[in-house]
Amino acid sequence: MTRIQKAAVLVVALSAGLLLAGLVHAEQKTMAIGTGDTGGVYYPLGGAIAKALSKALPDLHATVEVTGGSIDNLKLIGTGQAELGFTMADAAFDAMQGREKFKNAKVALQTLLVVYPNRMHVVTVEGTGINTLADLKGKRVSTGSPGGATEVMAFRVIEAAGLDKDKDMTRERLGAAESVNAIKDHRIDAFFWVGGIPTAAVTDLAATPGMKMKLIDHADVVEKMNAKYGKLYTASKIKAGSYPGTDKDNAIAEVWNLIVTGDKMSNDDAYTIVKTLVEKKADIVAVHKEAESFSLDNQVQDRSPIPFHPGALKYFKEKGVGG
């Protein structure tokens, strides 16, 4: 073979290699994950999940979307702008049923994983005169951002406490970090936040010099909430010491969080994603301890009003647990 022939063969081989590399790159899937407020728990967990999925699945590029929370995430899934999203179970049920914030806009959903319980925080500081839910009357209160499900659950807590969200308080619609800044500046007296433990923004408030944070008990409203909206909520507690300066348990309402997708994901993709999240749990826990709940014993249909994806169920069955 002449030198010219060898060079021609080399050029052809290089071209073929570049073409193959281009095809492999072109086949890489991009997957957007809807998370939440940067001061909450969805956002850091979403980042850890994106990293774990991208590392374990070389053909997948997972990205994190900062959003208002559950409502935004469900709408992004409904419009095909996100493949995965964190959501509270109550908001997801509303979306699937086409009610409340999803009137005339049902979202087809499937659960991939039941993740961790979201705890309702009713937060104030000393000096506001707020010791019970009834004391919110006449106060300036944030009930959560419009794109999150804190607002959904906050309205239900307020209603079950016998208060009118529109008439009995001056209401703001702020996310966790915004609420903390507003309470520090004395622009609001209290705020609602549904999140994991600890939520970074709440920790920030609790550690603020010159302020004494208080968490208001409200577990007694759970029965009324469930009577009206279905068995979505449970009475629980935020344990003493979960935040700086909290020296007693806080009796609260909680709801499970889910990672959901729409109705387009293949069984193989769902299986692989769920398998990765369960088996790489330690990597995610290193970012936030709520990922401890990414366990097989939490994959119970009673905790999700949304049906599990068949691909997820296949993995659970292999591991000997039922959805």
Side-chain angles (χ1 to χ4, degrees), residues 28-38 40-54 57 60-116 118 144-153 175 194-196 232 255-277 284 294 299 301 303-313 315 323:
Q28 189 178 54
K29 292 180 183 176
T30 300
M31 181 172 289
I33 304 169
T35 61
D37 186 326
T38 55
V41 175
Y42 284 176
Y43 179 71
L45 272 182
I49 285 170
K51 187 175 179 182
L53 290 175
S54 296
L57 310 169
L60 179 70
H61 177 58
T63 61
V64 174
E65 303 292 328
V66 178
T67 71
S70 301
I71 306 299
D72 282 351
N73 296 342
L74 293 162
K75 288 179 177 177
L76 288 171
I77 287 171
T79 57
Q81 293 171 272
E83 285 71 37
L84 298 184
F86 283 90
T87 179
M88 284 160 50
D90 50 359
F93 192 50
D94 284 350
M96 193 175 74
Q97 297 286 320
R99 67 183 188 185
E100 300 280 340
K101 295 193 178 196
F102 297 90
K103 278 180 183 171
N104 306 315
K106 282 186 182 182
V107 183
L109 293 170
Q110 298 176 94
T111 294
L112 292 175
L113 205 66
V114 174
V115 281
Y116 64 96
N118 240 6
S145 63
T150 289
E151 191 173 71
V152 174
M153 191 170 170
V194 190
L232 294 166
V255 64
W256 282 91
N257 283 305
L258 315 170
I259 293 176
V260 297
T261 187
D263 59 356
K264 305 285 193 297
M265 185 176 286
S266 71
N267 289 352
D268 286 348
D269 283 352
Y271 174 91
T272 304
I273 289 167
V274 172
K275 182 178 191 296
T276 302
L277 295 185
I284 305 169
F294 288 28
Q299 307 316 310
Q301 193 68 73
R303 290 181 176 168
S304 170
I306 310 301
F308 280 106
H309 193 295
L313 288 173
Y315 178 70

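Numbers here simply count residues along the sequence, with the first being 1.
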Query raised in the report: With no hydrogens and no angle check, is any side-chain donor or acceptor of Asn118 less than 3.5 Å from a backbone partner on Val255?
Result: no
Requested in this report: Determine yes or no for a side-chain-to-main-chain donor-acceptor pair under 3.5 angstrom, with Ser304 supplying the side chain and Gln301 the backbone.
Outcome: no
Report task. Measure from the side-chain N and O atoms of Asp72 to the backbone N and O of Gly68, and report whether any donor-acceptor pair falls under 3.5 Å. Result -> yes
Requested in this report: Starting at CG of Asp94, measure out to NZ of Lys103 and round the result to the nearest 0.5 Å.
Outcome: 10.5 Å
Query raised in the report: Which atom names give the shortest non-hydrogen contact between Trp256 and Val115, and what distance separates them?
Result: CZ3-O, 3.9 Å
Query raised in the report: Between the side chain of Gln110 and the main-chain N/O of Gly262, is any donor-acceptor distance below 3.5 Å?
Result: yes
Query raised in the report: Just wondering, do Met88 and Val152 contact through their side chains at under 4.5 Å, heavy atoms?
Result: no
Query raised in the report: Can you list every pair that meets ring pair (Phe, Tyr, Trp, His ring centres under 6.0 Å) and has a residue in residues 63-101, with sequence neighbours left out?
Result: Tyr42-Phe86
Query raised in the report: Do the non-hydrogen side-chain atoms of Asp269 and Glu83 ever get within less than 4.5 Å of each other?
Result: no
Report summary line: Gly148 and Ile71 have their tightest heavy-atom pair at O-CG1, 3.3 Å
Report summary line: Minimal heavy-atom distance between Asp263 and Ala108, with the atoms involved, is OD2-CB, 3.6 Å
Requested in this report: Please round to the nearest 0.5 Å and tell me the distance separating atom CG of Asp90 and atom CD of Glu100.
Outcome: 9.5 Å
Query - Glu151 with Lys101: basic N within carboxylate O range, under 4.0 Å - result: yes
Report task. To the nearest 0.5 angstrom, please state how far the CG atom of Leu60 sits from the OG1 atom of Thr272. Result -> 10.0 Å
Requested in this report: Could you pull out the closest heavy-atom pair between Thr150 and Gly144, with the gap in Å?
Outcome: CG2-CA, 3.9 Å
Query raised in the report: What are the two closest heavy atoms between Ala149 and Ala91, and how far apart are they?
Result: CB-CB, 3.7 Å
Query - Donor-acceptor pair, side chain of Thr87 and main chain of Leu258, under 3.5 angstrom - result: no
**Report entry** pair His309-Asn267: side-chain heavy atoms closer than 4.5 Å
**Finding:** yes
Report task. Check Leu76 against Thr79 and note the closest heavy-atom contact, atom names and distance. Result -> O-OG1, 3.2 Å
Query - Heavy atoms of other groups near Tyr43 OH, more than 12 under 6.0 Å - result: no
Query raised in the report: CE/Met96 to CG/Leu109 distance, rounded to the nearest 0.5 angstrom?
Result: 7.5 Å
Report task. Give a yes or no on whether the backbone of Thr35 and the side-chain of Asn73 come within a donor-acceptor separation of less than 3.5 Å. Result -> yes
Report task. May I have the step-by-step check of side chain to side chain donor-acceptor pair (under 3.5 Å) for Thr67 and Glu65, ending in yes or no? Result -> CA-CA 6 Å; Thr67 71; Glu65 303 292 328; over 6 Å; no
Query raised in the report: Hey, what do you get for CG (Leu84) to CG (Leu112), rounding to the nearest 0.5 Å?
Result: 6.0 Å
Report task. Measure the spacing between CG of Leu277 and OH of Tyr315 and express it to the nearest 0.5 Å. Result -> 9.5 Å
**Report entry** Close side-chain approach of Ile259 to Ile49, heavy-atom, < 4.5 Å
**Finding:** yes
